[in-house]
Every structure is written in structure tokens, then in C-alpha cells.
Amino acid sequence: MGEGDEVSSAPMTPRPVASSPRPPISCPPSQFHSPSLSRSPLLTPIDHPETPITTAAKTPNRSRFSTPRFMTPLGSPLRKALHMTKLDPQDAWLPITESRNGNAYYAAFHTLCSGIGIQALILPVAFTILGWTWGVICLTLAFIWQLYTLYLLVQLHESTETGIRYSRYMQLSSATFGEKLANWLALFPIMYLSGGTCVALIVIGGSTMKSFFGTVCGPNCTTHSPTTVEWYLIFTCAAVVLSQLPNLNSIAGVSLIGAITALGYCTMIWVISVDEGRIPNVSYNPVRAESQIARTFDLLNALGIIAFAFRGHNLILEIQATMPSSEKHPSRVPMWRGVKFAYLLVAMCLFPLAIGGYWVYGNKIPENGGILTALYQFHGPDTSQAILGLISLFVIINAVSSFQIYGMQMFDDMESKITTRMKKPCPWWLRAILRAMFGYGCFFVAVAIPFLGSFAGLIGGIALPVTLAYPCFMWLKIKKPKLYSPVWWLNWILGLLGMCLSGILIVAGIYVIIDTAAGKEEGFIEKIKEKLPGKHKKAEEVSPSPPSDQCTAEGNSKKGILEKIKEKLPGYRKNDEDEMKAKEH
């Protein structure tokens, strides 16, 4: 007779529902929505008295067993997941992991808003150095490379073996490289990609606001326009107000608006440019500098422009953390579906921008501003002011929207330090203060460092491994593919190549900073000299008297460092010395 018959043939003894034993549930580890495990309890109570009692109810003296009875091979991973949950109890209070009801649509909105931006408009500048063939090849290879590393991060988000979900890029880095090494390798690049991007968005948004005001007001406008710094402040105030939305899922609508505006202004720029046609005397000959060193650094700069056009890898794990996950419905499935759709649209924007922009403007594309500046410079008078104003408005809206998703990573980091100390959720007023402090801190950085763009190559080279190298090493360490297999070779080659490219771009960035700092230092000293007493001279007073033929050669030969030092001395006037020399001769 079956076991079920034995149970049914037993005499019916009335038992209260409260004393009914709770059967153990062997959940697969992927069902533990770490870190908020309390929302997925291990034990399920019997709510209905008619529920049949399993054979586990017949076991006498269950209270004598102190060890949890996970009778499946998943017992050890479950205990490991429980242990991991106890280490981070405040994770359910943080902005990234506070809500886990995301879906593929939310993932597409966030990925598209964070993956495309104003940096894509300078892609044609790389073509002016690389030319048609190498420009298309490098852009295609970079797109495939970053899409592959994106796929690796999506697959590494959750482990079916341990039940742990790596909800942040830094957590995955610590699990791969160790906590100390991860702080050295990944902490600064990740924080820069968030905070540095917010600073750049303030600069871009404020400058575009100023252009938008000029376009709307018109050339005959008598209204006084705010200064550039005041426009920065106006943009920052709008971004800070919008940043009060509590968590990452709550800004899904903001990311949708940002994605639509990004697609809008990218499409409008290349469509208008192509519709207007090629400019006169366009040339597609690659720009070549005079010296070999300058040509080398120009080439590296072009590769850096292509590499920096793809961003958002530091936010992929955070976006995936907003989704529910189970053994039958893991979060990587809807996440990858949303990522594929988002990057299909990204490709539809980046490739026409680069190829169409280079076809229209050739090597005459300005280095600063890219195709947007070229549109205003060459086709501005022929284009409707309403369309130009709409493009500027889309850029502003996209900048405000992108500020929210990049700032959310910084908000999460700041609030995690507060909740660790307080052992409770961050109060709403403290959360508002922290986010306002971050926003206005970025504003002061944007104002205080006028040559922040000179550091883009250096810090971009430092941050490049986050996108192209680290995911390959993470896959090798966590997934452990077969030794010398094609996947093993592919990840090693891409990881090492990404690190080498990062090192080369760092050297190139240092070279650019030194060159820029030298020029700015010279200009800064000249401005100080002009402010000194006795240094205000008119142009006609400064022009020296023409020397005679006898003293010209001698004077030119003797003039050296001592003469230059004399000219810098206070009270030294070159006109008096020239007059004395003229009298002697």
C-alpha cells in the first residue's frame, strides 16, 4: 500500500491550524532575491487546513534537530546565500536594490539613456584621422567588443551555484579580484564614470541652455542673457530637483524621456546634415600632423574617441538588480532582451552619425563639438531656427535625464555609508540633503576646473578597463572555462588588449595634459603681468625703435636668458634702453 494510503487510513485527530508543522521548502538558490531575502521566505505556512500533510509531519520530536534540514544538494549554497544576506541587511534600503519590480522595458529605457549621449557627436572627428576604411573597421570592432563584454556582465550578475546576485559592479569586482585589489582597480574608474559624467553633463547642459536662449530670443533680442556659470547653476537646480525620486525603478519614465530625446537629436542632426548635402571643397584625406610623435598621439586620440563613445557598462549590473529573479525566470533573460533592443537603436544612431557626418563635412569637422558644431557653422543660416532650437532642447532634456541614472550610483554609495552606521533606512530629509550636496558639488567642480576636458583622455584611459577588459577577467575567474578553449583564449586576448590600450591612452592623456598646462600657464602668467602696476602700455609705446645695422647682429647674438629675465623685472622699461642705445649709435 502506498504511503499516501497509510496517511489517509490513520484515525482523524483534530489539530489546531497553528500547531500544524511547516514543511521545509527546498528553493533553488536563484530564487533568493539577495539581499532582500525577507521577501522570499524559506518556509511557507499552511494557510488552509485542508492541505494534505506530508510525510515529514510523521517525524517525531522535530525540535531536537538544531541543524536546518535542507535535504537536497542545494543545502550548502542555501546556507551560503543566507550568510551573504546577513552581511548586507541594509541593501533593501538603498536606491538601487530598494525596488525589484523592473522588466525588459525598464532595462531598455535605462540602458539606452545611459548608453548614448553627447559624446557620440564627436565620432566623425575620429574619421578625420583614421579615414574611411580604418574608421569604419575600428567603429565596428569596438561596437562588437563592448557588446560582448556587456553580455558577459549580464550573465555574471547572478550565480546559480551560490545564489548570490551581484547588484553592483563593485561587488562583482570584489568577488573577482578581492576587496583590496578591487579598490585599486575598479573603485576610482567607477566613481569617475558616475561623478565625472555628471560634471560633464552640467557643462554640456548649461552651455546648450545658453545657445537655446540665443536661438529662441533671436539676434535682435534686448533681454540680458545669464552668464555661462549662471546657466550651469540653472541646470544643476533642475537636476537636483529631479534627483529626489527615491530609487532606480522610479526614474524609468525619466530614462524613457532621455532615451527618446537622445534618439531624436542624434537622428535630426545627421538627417539634416545629409539632406543639406556635402559642403564645397570637401576633402576626405586623413589629417596628418607634422611630427611623427604628434601623428601617433592623434591616432591614439581617434581610437580613444571611438572607445569613449560607448558607455554605461558600470551601470548594467545596477539596472539588472532592479528585476525579480527565479530559477524558471532568471533576470538575465529579460535583461539581455532589453539590452539587445537598446543597442540596436544605439547602432542606428552611432553609425549614421559617424559615416554621414564624415561624408558631409569631411576633414573640416571641428575638433570641439563635432558634428553639432559643424551643423551650426556650415548649415546654420540655411536651417530653420525652430529645428535648431528643438535640437538644443532635446540635448538639454537628455542631459538632465542622464544625470539621474549616473547620479543614482553615487547616491547609492553615499546612502550605504549612512545606513551602515545608523542600522536603519536613510530619512527622507537626509536623503534630500545628500543628493543636493552631490549635485552642487558637481556644479562647483564644473566651474572651478576650466580645463577639465584636458583630463578626459587620461581619466578615460583609466576608466576604459571597466568597459573592455575587466568583464573578460571576471568571466575567466568566476566561470572558469576550459583551459586553452576558444572562450578561454578570446577572453584573455580581449582582456590584455584592453589593458594595453588603456595604458597607451593614459600616456597620451598625460602628454596632452602637460602640453595644455604649459600653454595655459603661459597665458595665465601673461594675464598676471598685465595686471601689475606700470605694465599697461599701448601698442605704439611697446614697438621698439629699429636698430642700426652695426648693433643688430651683436644684439641678436647676445640676447639670451639674461635679457629675458631683465624684461620681467619690475620697473623695467624697454623703450628707455632702446633710446639709450640709439643715442650711443
Side-chain angles (χ1 to χ4, degrees), residues 34-35 84 87-88 91 94-98 100 102 107 110-111 113-115 145-159 162 164-198 247-248 255 307-308 310-323 325 331-332 335-336 338-339 342-343 402 404-417 459-479 491 494-495 498-499 502:
S34 175
M84 192 67 182
L87 292 178
D88 296 320
D91 235 12
L94 300 180
I96 291 177
T97 51
E98 186 177 18
R100 292 189 184 270
H110 292 314
T111 304
C113 184
S114 62
W145 188 354
Q146 62 86 32
L147 191 61
Y148 172 70
T149 55
L150 202 60
Y151 169 79
L152 296 183
L153 290 175
V154 172
Q155 299 300 317
L156 290 172
H157 171 75
E158 54 194 357
S159 174
T162 62
I164 300 174
R165 295 183 68 178
Y166 300 105
S167 301
R168 295 160 184 84
Y169 197 104
M170 195 61 195
Q171 291 179 355
L172 185 58
S173 301
S174 300
T176 304
F177 307 116
E179 186 173 355
K180 293 183 178 180
L181 189 58
N183 290 332
W184 283 95
L185 295 178
L187 182 60
F188 173 73
I190 293 172
M191 293 298 103
Y192 165 72
L193 286 173
S194 296
T197 301
C198 291
N247 53 61
L248 191 56
S255 296
F308 302 151
F310 305 104
R311 65 180 187 180
H313 284 58
N314 60 311
L315 297 172
I316 286 299
L317 295 177
E318 283 80 352
I319 295 172
Q320 192 172 351
T322 62
M323 295 182 172
S325 184
S331 63
R332 63 178 179 270
M335 181 65 189
W336 182 239
V339 167
Y343 270 83
S402 299
Q404 309 309 316
I405 189 168
Y406 277 95
M408 193 63 69
Q409 194 173 40
M410 298 297 297
F411 302 156
D412 185 88
D413 182 69
M414 291 187 297
E415 293 184 26
S416 66
K417 294 178 173 57
I459 307 182
I462 297 175
L464 187 64
V466 173
T467 301
L468 300 180
Y470 291 164
C472 300
F473 296 134
M474 292 172 178
W475 182 270
L476 291 170
K477 179 66 180 298
I478 295 178
K479 295 298 183 179
N491 285 281
L494 292 181
M499 296 302 295
S502 173

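Between the side chain of Ser502 and the backbone N or O of Gly498 there is no donor-acceptor pair closer than 3.5 Å. When atom types are taken as modelled, the side chain of Ser416 and the backbone of Asp413 share a donor-acceptor pair closer than 3.5 angstrom. Under the 3.5 Å distance criterion, the side-chain polar atoms of Glu318 are matched with a main-chain donor or acceptor of Tyr169. The backbone N or O of Met474 lies less than 3.5 Å from no partner atom in the side chain of Thr176, so there is not a single donor-acceptor pair.
From Ser114, atom OG reaches atom CG of Leu315 across 5.5 Å, with rounding to the nearest 0.5 Å. With values rounded to the nearest 0.5 angstrom, Glu415 atom CD is found 10.0 Å from Ile96 atom CD1. Taken from CD1 in Ile316 to CG in Leu156, the straight-line distance is 12.5 Å, to the nearest 0.5 Å. For the atom pair Asn183 CG and Ser173 OG, the distance stands at 9.5 Å (nearest 0.5 Å). Atoms CG and OH, on Leu153 and Tyr148 in that order, are 11.0 Å from each other to the nearest 0.5 Å. A distance of 10.5 Å separates NE2 in His313 from OG1 in Thr111, rounded to the nearest 0.5 Å.
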- prompt: Checking side chain to side chain contact (heavy atoms under 4.5 Å, CB included) for the pair Gln404/Cys113: CA distance, chi angles, key distance, verdict?
  reply: CA-CA 10 Å; Gln404 309 309 316; Cys113 184; over 6 Å; no
task: Start with the C-alpha gap between Thr467 and Gln146, add the side-chain angles, then the distance that decides, and say whether side chain to side chain donor-acceptor pair (under 3.5 Å) holds.
output: CA-CA 7 Å; Thr467 301; Gln146 62 86 32; over 6 Å; no
task: Show the numbers, then the answer: is there a side chain to side chain contact (heavy atoms under 4.5 Å, CB included) between Arg311 and Leu193?
output: CA-CA 9 Å; Arg311 65 180 187 180; Leu193 286 173; 5.9 Å; no
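Residues Cys198 and Met410 fail the side-chain proximity criterion, which asks for heavy atoms closer than 4.5 Å. Within the 4.5 Å cutoff, the side chain of Arg168 has heavy atoms near those of the Thr97 side chain. For the pair Met323/His157, no side-chain contact is recorded, criterion being any heavy-atom separation below 4.5 Å from C-beta on. Side-chain contact between Ile478 and Leu172 is present, with heavy atoms from C-beta onward closer than 4.5 Å. Counting heavy atoms from C-beta outward, Leu248 and Asp412 have side chains that stay 4.5 Å or more apart.
Within 6.0 Å of atom OH in Tyr151, 12 or fewer heavy atoms from other residues, nucleotides or ligands are found, so the atom counts as exposed in its surroundings.
The shortest non-hydrogen separation linking Leu468 to Thr149 is O-CG2, 3.8 Å. For the pair Ala175 and Tyr166, the tightest heavy-atom approach, listed with the atom from each and the gap, is CB-CE2, 3.6 Å. Across Met170 and Ala182, no two heavy atoms sit closer than the pair CE-O, 3.4 Å. Nearest heavy atoms, Ser167 versus Arg100: OG-NH2, 3.8 Å. Across all their heavy atoms, Asn314 and Ser194 have their closest contact at ND2-OG, 3.6 Å. Listed here is the closest heavy atom pair of Ser255 and His110: OG-ND1, 2.8 Å.
Within the 6.0 Å centre-distance limit, the rings of Tyr470 and Phe177 are counted as a close aromatic pair.
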